[in-house]
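Have a look at the structure below, then the notes.
Values in this document were obtained by computation on a predicted structure and should not be read as measured data. Proteins get letters first, then strands, A, B, ... in listed order; numbering begins at 1 in each.
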Amino acid sequence: MKAKKNITMKEAKEKTGLSSRQIRYYDQQDLVFPGRSRGNQRLFSENDIERLLKIKDLITAGNSIETVRSKLRAPETQTNGQYEFDYENEFDYSDVKLDSLFPVSNRSELIKRLSRSNSKGFKEEEE
DNA sequence: GTTCTAACA
DNA sequence: TGTTAGTA
């Protein structure tokens with residue numbers, strides 16, 4: 001039963017109006033967490049799009065990646081007693097061809113992300 | 001045809 | 001940020 005539909009890069013570009021470069025960049029900056037699947041391609045959910053939209057809004061408003069990250073913190077790091085799992089959600093797994101289980105299918109990717117979380121060499125980078 | 005990463009302009 | 005290279 002595939003109720004929700006996954007969104008591909010192309011769709012994401014159209015829906016957000018952002019370039020693929022920007023979307024991938026925001027992904028690297030941990031501003032969005034799209035799932036990965038077939039061929040290591042990103043699969044966004046409706047939530048990711050909304051998140052991207054908000055990011056775009058903040059960036060175009062003259063804010064930097066840092067600011068955006070402050071506003072949209074990763075759920076795991078948001079230890080305020082209030083969880084905002086706004087993306088562990090409507091993901092259509094039936095359409096995803098994963099080699100193993102989703103959460104830990106990409107160990108290398110997970111390791112990379114964890115590594116990035118430690119490196120705090122951020123500056124005032126904008127458009 | 002499209003996305004992915006990495007790197008250069 | 002755009003764009004290109006080589007790949008899947």
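One finds the OG1 atom of A/Thr8 at 7.5 Å from the CZ atom of A/Phe44 (value rounded to the nearest 0.5 Å). Separation of atoms CG (A/Asp57) and CG (A/Leu52) is listed at 12.0 Å; rounding is to 0.5 Å. Distance check: A/Leu53 CG to A/Asp48 CG gives 11.5 Å after rounding to the nearest 0.5 Å. A/Gln29 contributes atom CD, which lies 10.0 Å from atom OH of A/Tyr26 (distance to the nearest 0.5 angstrom). Distance check, rounded to the nearest 0.5 Å: NZ of A/Lys56 to CD1 of A/Ile23 gives 10.5 Å.
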Below 3.5 Å is the cut-off: list the nitrogen or oxygen pairs between protein and nucleotides 2-7 of chain C, distance only.
residue, atom, partner, partner atom, Å
C/dG2, OP2, A/Ser19, OG, 2.7
C/dG2, N7, A/Arg21, NE, 3.2
C/dG2, O6, A/Arg21, NH2, 2.6
C/dT3, O4, A/Arg21, NE, 3.1

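Of the residues in residues 10-18 of chain A, not one places a heavy atom less than 4.0 Å from an atom of DNA chain C.
Taking 4.0 angstrom as the limit, A/Tyr26 places a side-chain polar atom (N or O) nearer than this to OP1 or OP2 of C/dT1.
Distance, A/Phe44 CZ to B/dC4 P: 7 Å, rounded to whole Å. A straight line from OH of A/Tyr25 to C1' of B/dT5 spans 16 Å, rounded to a whole angstrom. Note: CD1 (A/Ile7) to P (B/dT2) measures 18 Å, nearest angstrom. Nucleotide B/dC4 holds its C1' atom 11 Å from the CG atom of A/Asp27, rounded to whole Å.
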Requested in this report: For DNA chain B, produce a single dot-bracket line, 5' to 3'. Pairs: Watson-Crick or G-U wobble, both distances under 3.5 Å. Symbols: ( ) within strand, [ ] crossing, | other strand, . unpaired.
Outcome: .|.||||||
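Qualifying side chain to side chain donor-acceptor pair (under 3.5 Å) partners for A/Ser19, counting only residues two or more places apart in sequence or in other chains: A/Gln22. Take A/Arg42 and apply the salt bridge (charged side-chain N to carboxylate O under 4.0 Å, His left out) test, not counting sequence neighbours, and it matches A/Asp27.
The shortest side-chain heavy-atom distance between A/Ser37 and A/Leu43 falls under the 4.5 Å cut-off.
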Exercise answer: donor-acceptor pairs, residues 10-18 of chain A side-chain atoms, under 3.5 Å, sequence neighbours excluded:
residue, atom, partner, partner atom, Å
A/Thr16, OG1, A/Ala12, O, 2.6
A/Thr16, OG1, A/Leu18, N, 3.2

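Comparing C/dT1, B/dT3, B/dT5 against the side chain of A/Asn40 picks out B/dT5 as the nearest.
Nearest heavy-atom pair across A/Val32 and A/Ile55 is CG1-CD1, 3.4 Å.
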